[in-house]
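Report on the following structure.
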Amino acid sequence: MNERPIQVFEVGGLVVDADTVIPGPAYLAVANGRVQAVGPGAWTESLDHRDGATVHRMPRRIAIPGLINAHGHAAMTLFRGAGDDVPLQTWLQQKIFPLEQQLTADAVYWGTLLACWEMVTSGTTCFTDMYFFMEQSARAVAESGLRAALSPGLLGFTEEMQAEGLAESRRFARDWHGAAGGRIQVLLGPHAPYTCPPPFLHRVADLSAELGLGIQIHLSETRAEVTDSVAAHGRTPIEQMVDVGLFERPVLAAHCVHVTATDIQVLQQRDVRVAHNPQSNLKLGSGIAPLVELLAAGVTVALGTDGAASNNNLDLFEELRLAATLHKGRLEDATAVPAKDAFAMATERGARAVFRPPLDGTLRPGASADLVFLDADSPRFQPQYDLLSNVVYAASAADVCDVFIGEQFVVENRQPTTLDTERISFEVARIARAFQRG
Ligand SMILES: [Zn+2]
């Protein structure tokens with residue numbers, strides 16, 4: 001196999017990971033989709049195979065690792081603004097489920113492309129998705145150049161739904177796990193304990209072991225979910241997951257808003273990864289997850305936006321800042337969730353949460369070369385006492401100029417290179433009109 005040429009990025013500042021920041025001129029060399037070297041100053045050409053290297057001189061850009069959105073439902077961009085200001089169950093039963101009755105494969109394809117457009121231009125390079133018509137999402141991801149962990153959503157209301165869901169997941173994993181040059185991975189996606197009865201979750205755990213796949217699920221999102229679970233089974237949703245054997249497998253649990261001290265211990269002991277979605281939890285009035293307590297216990301917590309119907313955008317910079325500030329207010333403690341922790345949640349811990357290789361979510365040598373370039377000339381980067389502080393507390397999605405994933409630029413000068421944004425807008429407007437007609 002031919003070695004692909006080295007690409008070198010010379011930038012005005014570099015965040016390698018939450019603990020390693022190069023505030024002045026810095027370089028980063030990439031080959032074969034992976035970071036090869038980073039350092040201060042200009043590239044010294046000390047690497048092997050330097051012939052044919054392409055040097056991108058970007059002195060007015062600050063490079064950070066691509067952000068990782070650990071929980072969401074991409075095609076729900078189609079329902080952005082279609083049902084606000086109601087609690088979760090009302091929102092689901094009266095707004096979202098009727099709209100979802102009208103979903104088609106075509107709608108999910110265009111809705112996912114809209115999500116990819118929004119995410120990549122706001123600095124997200126990898127996301128998770130749990131939804132319907134997942135092969136359409138996979139097509140959209142393959143075309144967009146992003147990375148994703150995809151799950152056909154599983155609902156277990158009837159025996160027939162359970163059998164068909166498991167068969168679909170099996171087919172989807174066969175066709176898409178490791179596809180698009182390894183950019184797509186597959187997780188099994190049982191929706192939640194209140195939509196998937198215990199025997200079904202047991203079968204999901206078995207299939208996960210058979211196929212060697214991780215699992216993502218919503219857990220303990222609302223107080224009512226936990227109260228109902230305790231009333232019906234005498235167990236919290238998290239205790240119930242132990243009973244059905246789900247935590248024998250790698251699990252990414254979204255929300256974990258209403259968890260007991262015992263639940264937190266279980267999450268830590270079973271190495272369950274948690275996706276914290278502060279904005280969606282606030283907007284649906286679900287509550288505030290005990291992030292500080294989860295972090296103190298040593299649980300791996302990542303950040304997610306959840307779907308655009310409950311957020312209502314997919315901007316991880318907002319979640320990053322909210323995660324770093326919300327808990328300071330909740331606990332009346334300005335030291336809670338420092339910038340470093342919040343940044344790690346959006347990057348390195350995000351990679352761990354979605355079961356990517358250990359170095360991913362950083363720009364350390366060996367990591368996937370997923371780079372976001374921010375505008376050093378933005379007012380939000382003046383002055384520069386502390387680059388990481390500016391990224392976490394001041395920067396916004398509007399500062400994202402360019403994005404590079406693996407071996408190619410997928411955003412240049414704020415424009416996606418892989419997506420026809422005019423066509424996406426047109427198709428989404430067409431689909432939304434059809435939804436409105438009912
Ligand atoms: Zn969700």
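Counting starts at 1 for both ligands and their atoms, in listed order.
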Worksheet item: To the nearest 10 degrees, how large is the angle at the Zn ion (ligand 1) between His71 NE2 and His73 NE2?
Response: 100°
Worksheet item: Does His255 bring an N, O or S atom to within less than 2.8 Å of the Zn ion (ligand 1)?
Response: no
Worksheet entry | Heteroatom of Asp306 nearest to the Zn ion (ligand 1) (N, O or S, atom name) | OD1
Item to complete: Please find out if less than 6.0 Å separates the ring center of His255 from that of His276.
Response: no
Item to complete: Would you confirm whether the ring centroid of Tyr109 sits within less than 6.0 angstrom of the ring centroid of Phe133?
Response: no
Worksheet item: Is the number of heavy atoms from other residues, nucleotides or ligands under 6.0 Å of Glu210 CD greater than 12?
Response: yes
Worksheet item: Do the rings of Phe9 and His56 sit parallel, tilted or perpendicular, given the 30° and 60° boundaries?
Response: parallel
